[in-house]
Engineer: 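Supplied in structure tokens, the structure appears directly below.
All figures in this text were calculated on a predicted structure; none of them were measured in a lab. Just so you know, residue 1 is the first one in the sequence shown, and it goes up from there.
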Amino acid sequence: MTDLIPIRTTDMPTEMNALLHDYPRDAWAANPHFAKSTRQWMRAHEKFRVLSDHLHAQTTGFLDRSVDPDGFADHLGRYGTALVRNLHGHHHFEDREFFPELSAADARFDVGLEILEKDHAALDQVLENFSRTGSRVIKLVQLDEAAAREEAGILETQTRAIRAFLDRHLGDEEDLAVPVILHHALRG
């Protein structure tokens, strides 16, 4: 389960926030270098947070019987797939294009980018486990509702872990990347 996956629980090294003092989060939107592409990247992060919240709420609702089993299976299949596929695509883009661009602009932050890439690898494992469990729950809804609820207990733990992971990881990623983007006027 998720406790066997090496998920980082420590903060980013303080030196990774070197530019955050000059470019605080509450001033990002007003900065002329906060370009459309950066806003879209941040919107993707918010969508991941919303999807993970939705999946957690649906799973909790299924467990407390306030969500219909068939509706839950449908939501889990649709939104679980969307979360997993979109996160994989997003991380592929970051690892192959976005992080190298940030590194080329300011190599001081390479340690932070390496930490974020390791987060991506750990999250891939978490998402793989979530996908396997979700698939079992969807099948069991039709076959054995009691067994589906038991398996959904595992899924509830996984959705909570995904949300916590995303809270920390996405916040760290934004706090590192956006000040570099603004400072170096990247991603026009």
Side-chain angles (χ1 to χ4, degrees), residues 1-12 40-100 111-177:
M1 194 148 44
T2 55
D3 56 340
L4 302 176
I5 297 169
I7 297 175
R8 177 176 60 93
T9 57
T10 58
D11 290 335
M12 280 286 221
Q40 289 172 333
W41 177 74
M42 297 270 303
R43 269 195 294 270
H45 283 190
E46 187 54 31
K47 286 179 186 175
F48 299 141
R49 291 175 174 112
V50 168
L51 277 171
S52 67
D53 282 346
H54 177 73
L55 288 164
H56 184 73
Q58 286 289 308
T59 303
T60 302
F62 175 66
L63 288 169
D64 70 16
R65 300 181 189 276
S66 63
V67 172
D68 168 69
D70 290 330
F72 170 64
D74 181 56
H75 274 213
L76 180 56
R78 181 177 309 150
Y79 297 108
T81 299
L83 178 66
V84 171
R85 285 187 179 167
N86 287 314
L87 271 169
H88 283 314
H90 185 76
H91 289 160
H92 180 77
F93 160 74
E94 288 176 338
D95 293 341
R96 301 282 188 258
E97 295 180 37
F98 190 47
F99 289 176
V111 168
L113 295 172
E114 289 173 19
I115 290 169
L116 294 171
E117 286 179 3
K118 287 179 184 174
D119 281 355
H120 290 173
L123 185 56
D124 283 348
Q125 290 180 295
V126 170
L127 292 173
E128 183 178 320
N129 291 346
F130 166 76
S131 294
R132 269 198 306 274
T133 305
S135 292
R136 283 194 302 269
V137 170
I138 290 168
K139 290 175 188 172
L140 286 170
V141 161
Q142 298 302 316
L143 301 173
D144 182 348
E145 192 174 315
R149 288 187 197 288
E150 190 173 311
E151 194 75 17
I154 297 167
L155 192 68
E156 190 273 336
T157 301
Q158 291 171 336
T159 59
R160 188 174 350 105
I162 289 169
R163 178 57 173 152
F165 190 109
L166 289 176
D167 273 343
R168 187 202 31 79
H169 171 76
L170 297 176
D172 285 348
E173 197 170 78
E174 293 161 1
D175 287 347
L176 185 144

Engineer: Given the rule in the side-chain contact (heavy atoms from CB on, under 4.5 Å) test, do Leu51 and Leu87 qualify, once you have shown the distances and angles that lead to the verdict?
Structural biologist: CA-CA 11 Å; Leu51 277 171; Leu87 271 169; over 6 Å; no

Engineer: Indicate the ring-plane relationship of Phe62 and Phe72, choosing parallel, tilted or perpendicular according to the 30° and 60° boundaries.
Structural biologist: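 If you compare the ring of Phe62 with that of Phe72, the planes turn out parallel.
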
Engineer: Between atom OG1 of Thr59 and atom CD of Glu156, what is the distance when rounded to the nearest 0.5 Å?
Structural biologist: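 Nearest 0.5 Å value for the OG1-CD distance: 7.5 Å.
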
Engineer: Does any non-hydrogen side-chain atom of Asn86 lie less than 4.5 Å from one of Lys47?
Structural biologist: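 No, side chains not in contact.
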
Engineer: Are any non-hydrogen side-chain atoms of Leu155 and Leu76 less than 4.5 angstrom apart?
Structural biologist: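 Heavy-atom side-chain distance check passes, below 4.5 Å.
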
Engineer: Measure the spacing between CG of Asp124 and CG of Asn129 and express it to the nearest 0.5 Å.
Structural biologist: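 Spacing of CG (Asp124) from CG (Asn129) equals 11.0 Å.
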
Engineer: Tell me, yes or no, whether the heavy-atom count around His88 atom NE2, taken from other residues, nucleotides or ligands under 6.0 Å, exceeds 12.
Structural biologist: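 Check passes, neighbour count above 12.
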
Engineer: Atom CG in Leu83, atom NE2 in His90: separation rounded to 0.5 Å?
Structural biologist: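 It comes to 11.5 Å.
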
Engineer: Which heavy-atom pair separates Pro69 from Arg149 by the least distance, and what is that distance?
Structural biologist: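 Smallest heavy-atom distance, with atoms named: CG-NH2, 4.0 Å.
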
Engineer: Mind checking what makes side chain to side chain donor-acceptor pair (under 3.5 Å) contact with Ser66, not counting sequence neighbours?
Structural biologist: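 Applying side chain to side chain donor-acceptor pair (under 3.5 Å) to Ser66 gives Asp64.
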
Engineer: For a 4.5 angstrom cut-off between non-hydrogen side-chain atoms, does Gln58 reach Leu55?
Structural biologist: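 No; the side chains remain at least 4.5 Å from each other.
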
Engineer: Excluding sequence neighbours, so at least two apart, what forms side-chain contact (heavy atoms from CB on, under 4.5 Å) with Arg43?
Structural biologist: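 Arg39, Gln40.
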
Engineer: Using a 4.5 Å cut-off on heavy atoms from C-beta on, say whether the side chain of Asp119 contacts that of Leu116.
Structural biologist: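 Leu116 vs Asp119: side chains touch.
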
Engineer: With sequence neighbours excluded, tell me which residues meet salt bridge (Lys or Arg N to Asp or Glu O under 4.0 Å) with Asp68.
Structural biologist: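 Result, salt bridge (Lys or Arg N to Asp or Glu O under 4.0 Å) vs Asp68: none returned.
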
Engineer: Can you check side-chain contact (heavy atoms from CB on, under 4.5 Å) on Thr60 and Val67, steps first, answer last?
Structural biologist: CA-CA 8 Å; Thr60 302; Val67 172; over 6 Å; no

Engineer: Which residues pass the ring pair (Phe, Tyr, Trp, His ring centres under 6.0 Å) test with Tyr79, not counting sequence neighbours?
Structural biologist: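 Partners of Tyr79 under the ring pair (Phe, Tyr, Trp, His ring centres under 6.0 Å) test: His54, His75.
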
Engineer: According to side chain to side chain donor-acceptor pair (under 3.5 Å), who are the partners of Thr133, at least two apart in sequence or on a separate chain?
Structural biologist: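 Arg136, Gln158.
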
Engineer: Which residues satisfy the side-chain contact (heavy atoms from CB on, under 4.5 Å) test with Asp74, sequence neighbours excluded?
Structural biologist: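 Once residues adjacent in sequence are excluded, the partners of Asp74 under the side-chain contact (heavy atoms from CB on, under 4.5 Å) criterion are Arg78.
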
Engineer: Closest heavy-atom contact between Leu63 and Gly153?
Structural biologist: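 Of all heavy-atom pairs spanning Leu63 and Gly153, the closest is CD2-N, 3.8 Å.
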
Engineer: Rounded to the nearest 0.5 Å, what separates atom CG in Leu176 from atom CD1 in Ile115?
Structural biologist: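 With rounding to 0.5 Å, CG (Leu176) is 9.0 Å from CD1 (Ile115).
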
Engineer: Hey, does Asp11 have a side-chain heavy atom less than 4.5 Å from the side chain of Asp172?
Structural biologist: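 In short, these two side chains do not touch, never coming nearer than 4.5 Å.
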
Engineer: If the condition is side-chain contact (heavy atoms from CB on, under 4.5 Å), which residues does Ala57 pass it with, not counting sequence neighbours?
Structural biologist: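 Scan of Ala57 (side-chain contact (heavy atoms from CB on, under 4.5 Å), adjacent residues dropped) gives none.
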
Engineer: If I compare all heavy atoms of Glu174 with all of Trp41, which pair ends up nearest, and what's the gap?
Structural biologist: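 Minimum heavy-atom separation between Glu174 and Trp41: CA-CH2, 3.9 Å.
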
Engineer: Restricting to salt bridge (Lys or Arg N to Asp or Glu O under 4.0 Å), what partner residues turn up for Arg132, sequence neighbours left out?
Structural biologist: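 For Arg132 the salt bridge (Lys or Arg N to Asp or Glu O under 4.0 Å) partners, ignoring immediate neighbours, are Glu128.
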
Engineer: Among all residues two or more places apart in sequence or in another chain, which pass the side chain to side chain donor-acceptor pair (under 3.5 Å) test with Asp167?
Structural biologist: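 Listed in chain order: Arg163.
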
Engineer: What pairs with Glu94 under salt bridge (Lys or Arg N to Asp or Glu O under 4.0 Å), at least two apart in sequence or on another chain?
Structural biologist: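 By the salt bridge (Lys or Arg N to Asp or Glu O under 4.0 Å) rule, Glu94 matches no residue at all.
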
Engineer: What closest approach, in Å, do Ile162 and Val126 show between heavy atoms, and which atom pair accounts for it?
Structural biologist: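 In terms of heavy atoms, the two residues are closest at CG1-CG1, 3.5 Å.
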
Engineer: Give, for atom CD of Glu145 and atom CG of Leu143, the distance between the pair rounded to the nearest 0.5 Å.
Structural biologist: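 It is 11.5 Å, given to the nearest 0.5 Å.
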
Engineer: Do you know which two heavy atoms are closest between Ala152 and Val137, and how far apart they sit?
Structural biologist: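 The pair with the smallest heavy-atom distance is N-CG2, 3.8 Å.
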
Engineer: How far apart are the C-alpha atoms of Lys118 and Glu114, what are their side-chain angles, what is the distance that settles it, and do they pass the salt bridge (Lys or Arg N to Asp or Glu O under 4.0 Å) test?
Structural biologist: CA-CA 6 Å; Lys118 287 179 184 174; Glu114 289 173 19; 5.7 Å; no

Engineer: Distance from Ile138 atom CD1 to Glu151 atom CD, nearest 0.5 Å?
Structural biologist: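 Interatomic distance, Ile138 CD1 to Glu151 CD, rounded to 0.5 Å: 11.5 Å.
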
Engineer: Might you point out which heavy atoms bring Arg8 and Met12 nearest each other, and give the distance in Å?
Structural biologist: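 Distance-wise, the nearest heavy atoms are NH1-N, 3.8 Å.
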
Engineer: Tell me, do Glu150 and Leu140 make a side-chain contact under 4.5 Å, heavy atoms counted?
Structural biologist: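 Heavy-atom side-chain distance check fails, nothing below 4.5 Å.
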
Engineer: Sequence neighbours left out, what pairs pass ring pair (Phe, Tyr, Trp, His ring centres under 6.0 Å) with at least one residue falling in residues 119-162?
Structural biologist: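 Non-adjacent pairs meeting ring pair (Phe, Tyr, Trp, His ring centres under 6.0 Å): His91-His120, Phe99-His120, His120-His169.
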
Engineer: Suppose we screen for side-chain contact (heavy atoms from CB on, under 4.5 Å). Which residues come up paired with Ala164, at least two apart in sequence or across chains?
Structural biologist: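 Residues passing side-chain contact (heavy atoms from CB on, under 4.5 Å) with Ala164: none at all.
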
